[in-house]
Amino acid sequence: MPAGRASWPAEALEAAGRLTIDLAAITDNWRNLAARARGAETAACVKADAYGLGIDAVVPALTAAGCRTFFVALLAEARRVRAAAPDATIYVLGGFHPHTGPAYVETGARPVLGSLAEISDWAGFCRTAGARLPAAVHIDTGMNRLGLSREECLALPPPDDLARVFEVSLVMSHLACADTPNHPLTREQRDRFEILRHRLPPAPASLANSAGLLSDPALHYDMTRPGIAIYGGLAVTGRPNPMRPVVRLEARVVQLRTISAGSSVGYGAAQTVRRDTRLAILSAGYADGYMRAAGSTDLRAGATVYFGEDAAPLVGRISMDLIAADVTDIPEDRIVAGSWAELLGDRFTVDDLAARAGTIGYEILTGLGHRYRRDYIEA
Ligand SMILES: *Cc1c(COP(=O)(O)O)cnc(C)c1O
């Protein structure tokens, strides 16, 4: 029986392929992280549609696993999290715009205030609303992106005055280099956080992303904010990834063809085959988030796809909707038009594709396209 020819829903045949998202692996990963940081609450970053995997499915699964706090980048994302988790605490990382006060009340989400101006806008909104509403305060300790600078921290009103106007429900900062073990900036950021957080009213503290959680208990504080590790991605560079892979991506073989030694494949004739070669043409491409930079040329090997246990290297550039794999070494009867190839899974992971494309797993996950049939394995 050729690889997986039967048993596919018609819908998958009409799509670029099939993306299977394992919610059980997601909740296992979250529990694994929670167990590594037992003294702290384990939140979850679900921005960018839960790193591309779907807020509507991921948030209820994490809620059922015990997660109570979610971080998103945008208010629009907070609305979707709220719809999926009526009782959760939701923080919006992307800065507070003064016109959005009512939307925070409506959704029950909390802004993460990252400048004196945002603090003063939120305080103004709370006074007008006549309510001491909760918000997080973000201190910049070395990322130089969002958050109060050291100077701004020193210019803050006294903690008691601040606490009268709104509730500081979390004090946080974000690590720039935790993915590199023992990076000196991580230590410096922790030291700065340790000093500056006391300029604010007493509140739970949060510093660690996935890498911080996995690499050093001194970074855990009261709440960790993992993202990538929940979704199975590599968080700490150069260490084995302790998380379960979450996504499996398969594309259909559109056709098979045999070309002679010396022929080139694809746009730009970027790769010439040295032997007579059997090619499987697969129905996914860079428009589906299968990044063009992972293609193959005469100078550089590209990504690998799998047919069952058999590996097949890509040949030539990745097109918008199609890729070509060299299946010469796989017995002919194992692959036919209509067979399925695994583009991402346990054998060739999101991080493997990222490495071939010169990027990180985060970009692969958040770039996964919308032309796949999406199936969820229930937690
Ligand atoms: C995205 C993000 C995280 C999660 O980072 P990971 O590396 O995915 O674990 C945590 N905190 C902040 C502020 C973020 O923006």
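Every number for a ligand or one of its atoms is a count from 1 in the order of the listing.
- Given atom 9 (O) of ligand 1, the protein heavy atom at minimum distance is S210 OG, 2.5 Å.
- With sequence neighbours left out, the salt bridge (Lys or Arg N to Asp or Glu O under 4.0 Å) criterion links E14 to no other residue.
- Considering backbone and side-chain atoms alike, I228 places an N or O below 3.5 Å from some N or O of ligand 1.
- With hydrogens left out, the protein atom closest to atom 10 (C) of ligand 1 is R225 O, 3.4 Å, a heavy atom.
- L279 places none of its side-chain heavy atoms less than 4.5 Å from the side chain of V327.
- A salt bridge is defined here as a Lys NZ or Arg NE, NH1 or NH2 lying under 4.0 Å from an Asp or Glu carboxylate O, and D329 with R275 meets this definition.
- Taking distance alone, with nitrogen or oxygen atoms compared against 3.5 Å, Y51 approaches ligand 1 more closely than that limit.
- The nearest heavy-atom contact from the protein to atom 5 (O) of ligand 1 is N209 CB, 3.5 Å.
- Figure legend: cation-pi geometry between R347 and Y306, with NZ or CZ positioned under 6.0 Å from the six-membered ring centre and within 45° of its axis.
- Of all protein heavy atoms, the one lying nearest to atom 3 (C) of ligand 1 is C45 SG, 3.3 Å.
- With respect to Y231, the side chain to side chain contact (heavy atoms under 4.5 Å, CB included) criterion is satisfied by exactly one of I21, V247, V58: V58.
- Each of the following atoms of ligand 1 lies closer than 4.0 Å to a heavy atom of P226: 9 (O).
- Between V137 and the choices V112, L148, L162, L170, the side chain to side chain contact (heavy atoms under 4.5 Å, CB included) rule is met once, by L148.
- At the top of the distance list for atom 7 (O) of ligand 1, counting protein heavy atoms only, stands Y362 OH, 2.6 Å.
- Side-chain atoms of R225 and H174 include a donor-acceptor pair closer than 3.5 Å.
- The shortest contact between atom 15 (O) of ligand 1 and any protein heavy atom is with K47 NZ, 2.5 Å.
- With a heavy-atom cut-off of 4.0 Å, L93 touches ligand 1 through its side chain alone.
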